[in-house]
Amino acid sequence: MEMDHKGEKMGVIYAAFSYLIWGLLPIYWKLLDGIGADEILASRIVWSFLFMIAVLLITRKWSSFIVTLKNLFKNKKQLVFLTTASVLVSCNWFIYIWAVNHDQIIEASMGYYINPLVSVLLGMIVLKEKLSAAQYVSFFFASIGVIILTASYGMLPWISLSLAFTFGFYGLAKKMIKVDSSIGLTLETLVITPIAFIYILYLFSQGTNTFLTVSVKTDLLLILSGAATAIPLLYFAKGAQRIPLSMLGYIQYLAPTISLVLGVFVYREHFSTGHMIAFSFIWFALIIYSLSNTKFMKREKQKRKSIKEA
């Protein structure tokens with residue numbers, strides 16, 4: 001029992017650490033402001049792959065990685081899901097970097113508030129999971145929030161929705177891939193690394209590359225973007241293995257909340273009345289959704305079910 005409690009405590013620390021890093025990442029991308037999101041993304045992918053190779057060698061998982069890679073080519077279904085996951089997470093990274101460096105941190109943070117609800121929706125449609133009444137209500141309020149934001153913008157909040165849906169579909173694809181977390185992340189980056197590397201070579205051939213031409217500081221930031229990408233993903237995986245999904249659900253709001261605070265108070269992005277009303281509806285939706293996943297609510301639901309059956 002003590003070991004379980006200790007493991008859960010460490011799980012909370014791991015998960016909170018990963019979301020803390022994700023929440024603070026806008027600061028990192030802002031340091032690369034002025035560099036195209038396409039070059040940052042390509043560098044991020046290549047250096048993430050190299051970082052993960054180093055992790056596999058240090059943790060002595062290289063042989064397992066080779067075995068998994070060979071098996072993957074025998075299992076076409078798994079290969080399709082892996083490729084899909086790789087493309088989706090790359091699109092998500094690109095949109096997020098572009099949003100941060102175009103002063104759209106607030107809208108980007110909203111995307112990650114909406115994401116858990118998108119994941120539940122995909123679970124219902126694709127995996128045929130049943131939703132509770134509370135989850136339907138949460139969708140209703142979140143939809144109102146998006147409609148209000150759309151009305152205040154005069155257009156769809158495409159950044160928020162793109163981030164929410166690309167990461168939601170990424171999570172769905174990941175659910176279909178049954179491999180070790182560090183090996184899985186290495187495989188994801190491996191799939192897209194050749195394209196990213198070719199694109200970097202193209203930038204060099206055109207003389208439009210930033211890497212090795214601006215400053216040592218910029219070069220180091222681009223190189224370390226690999227670690228900045230991989231470390232929170234690895235700690236997230238470690239945390240998710242040790243704590244209940246409902247607890248993870250609460251912790252995941254840490255990242256968009258930090259990003260929202262940074263956008264409003266540090267980078268002074270415009271936070272309108274429309275933003276406030278839209279966020280209020282989405283926050284309310286998330287409170288309902290989160291409470292529906294607590295142990296108390298699950299026990300109450302089980303009691304009502306037992307009474308009906310009796």
Side-chain angles (χ1 to χ4, degrees), residues 19 21-30 33 37-38 40-41 85 87-125 135-174 232 236 249-290:
Y19 281 112
I21 294 176
W22 277 326
L24 294 172
L25 270 181
I27 299 173
Y28 194 95
W29 305 130
K30 280 287 187 184
D33 198 8
D38 51 351
I40 296 174
L41 176 64
V87 171
L88 285 168
V89 78
S90 298
C91 291
N92 185 271
W93 290 349
F94 176 80
I95 296 164
Y96 187 72
I97 294 166
W98 185 93
V100 169
N101 288 342
H102 283 77
D103 302 322
Q104 298 291 334
I105 296 175
I106 292 173
E107 194 179 337
S109 70
M110 178 175 272
Y112 290 110
Y113 277 120
I114 298 171
N115 172 247
L117 300 173
V118 169
S119 296
V120 175
L121 181 66
L122 291 174
M124 177 186 71
I125 295 171
Q135 287 170 331
Y136 277 114
V137 172
S138 70
F139 276 119
F140 173 73
F141 282 105
S143 299
I144 291 176
V146 173
I147 291 168
I148 290 170
L149 195 65
T150 301
S152 66
Y153 277 168
M155 58 180 286
L156 272 176
W158 69 270
I159 294 172
S160 300
L161 295 176
S162 297
L163 288 171
F165 276 93
T166 52
F167 206 78
F169 276 106
Y170 168 70
L172 182 64
K174 286 279 284 182
F236 168 76
Y250 286 115
I251 299 171
Q252 72 183 352
Y253 303 130
L254 179 64
T257 301
I258 294 171
S259 295
L260 178 62
V261 170
L262 286 173
V264 175
F265 296 106
V266 178
Y267 299 111
R268 303 293 180 181
E269 290 185 12
H270 179 58
F271 192 71
S272 65
T273 304
H275 277 121
M276 187 68 243
I277 297 170
F279 268 96
S280 296
F281 272 98
I282 289 169
W283 285 329
F284 186 60
L286 291 173
I287 289 169
I288 295 171
Y289 165 70
S290 298

Side chains of Leu172 and Ser119, heavy atoms from C-beta outward: is any pair under 4.5 Å?
no

Nearest heavy-atom pair of Ile105 and Glu269: which atoms, and what distance?
N-OE2, 2.8 Å

Aromatic ring centroids of Trp29 and Trp22 under 6.0 Å?
no

Shortest non-hydrogen separation from Leu121 to Phe139 and the atoms involved:
N-CZ, 3.4 Å

Supply the atom-to-atom distance Leu117 CG to Leu122 CG, rounded to the nearest 0.5 angstrom.
11.0 Å

Going by distance alone, is a donor N or O of one side chain under 3.5 Å from an acceptor N or O of the other, for Thr257 and Tyr113?
yes

Can you check whether Phe167 and Tyr170 have ring centres sitting under 6.0 Å from each other?
yes

Taking the side chain as every heavy atom from C-beta outward, state whether Leu260 and His275 have any pair of such atoms under 4.5 Å apart.
no

Ring centroids only, cut at 6.0 angstrom: are Tyr112 and Tyr253 within range, meaning strictly under it?
no

List the steps, then state whether side chain to side chain contact (heavy atoms under 4.5 Å, CB included) holds for Leu262 with Ile27.
CA-CA 8 Å; Leu262 286 173; Ile27 299 173; 4.0 Å; yes

Can you find a heavy atom in the side chain of Phe169 that is under 4.5 Å from one in the side chain of Phe165?
yes

In Å and rounded to the nearest 0.5 Å, what is the CD1 to OG distance from Ile147 to Ser152?
12.0 Å

Check Gly111 against Ala164 and note the closest heavy-atom contact, atom names and distance.
O-CB, 3.3 Å

I would like to know whether Met110 and Ile106 meet side chain to side chain contact (heavy atoms under 4.5 Å, CB included); could you show each step before the answer?
CA-CA 6 Å; Met110 178 175 272; Ile106 292 173; over 6 Å; no

Angle between ring planes, Phe279 versus Phe271, binned at 30° and 60°: parallel, tilted or perpendicular?
tilted

Closest approach of Gly23 and Ile258, non-hydrogen atoms and distance?
O-CG2, 3.5 Å

May I ask you to test the Pro26-Tyr96 pair for a side-chain heavy-atom distance under 4.5 Å?
yes

Minimum heavy-atom distance Pro157-Val146, with the two atoms named
CG-CG1, 4.1 Å

Evaluate whether atom OH of Tyr267 has more than 12 neighbouring non-hydrogen atoms of other residues, nucleotides or ligands under 6.0 angstrom away.
yes

Please examine the side chains of Pro116 and Gln252, heavy atoms only from C-beta on, and report whether any two atoms are closer than 4.5 Å.
yes

Rounded to the nearest 0.5 Å, how far apart are CH2 of Trp158 and CG of Leu161?
11.0 Å

Let me confirm one number: the CG-OG1 distance from Asn115 to Thr166, rounded to the nearest 0.5 Å.
8.0 Å

Keeping Lys30 on the side-chain end and Val100 on the backbone end, is there a donor-acceptor pair under 3.5 Å?
yes

Would you say the side chain of Asn101 lies within less than 4.5 Å of the side chain of Ile40, judging by non-hydrogen atoms?
yes

Closest heavy-atom contact between Ala108 and Ala99?
CB-CB, 4.2 Å

Here the gap from Glu107 atom CD to Ser259 atom OG, rounded to the nearest 0.5 Å, amounts to 13.5 Å

So, taking the atom named CD1 in Ile282 and the one named CD1 in Ile277, what distance separates them when rounded to the nearest 0.5 Å?
12.5 Å

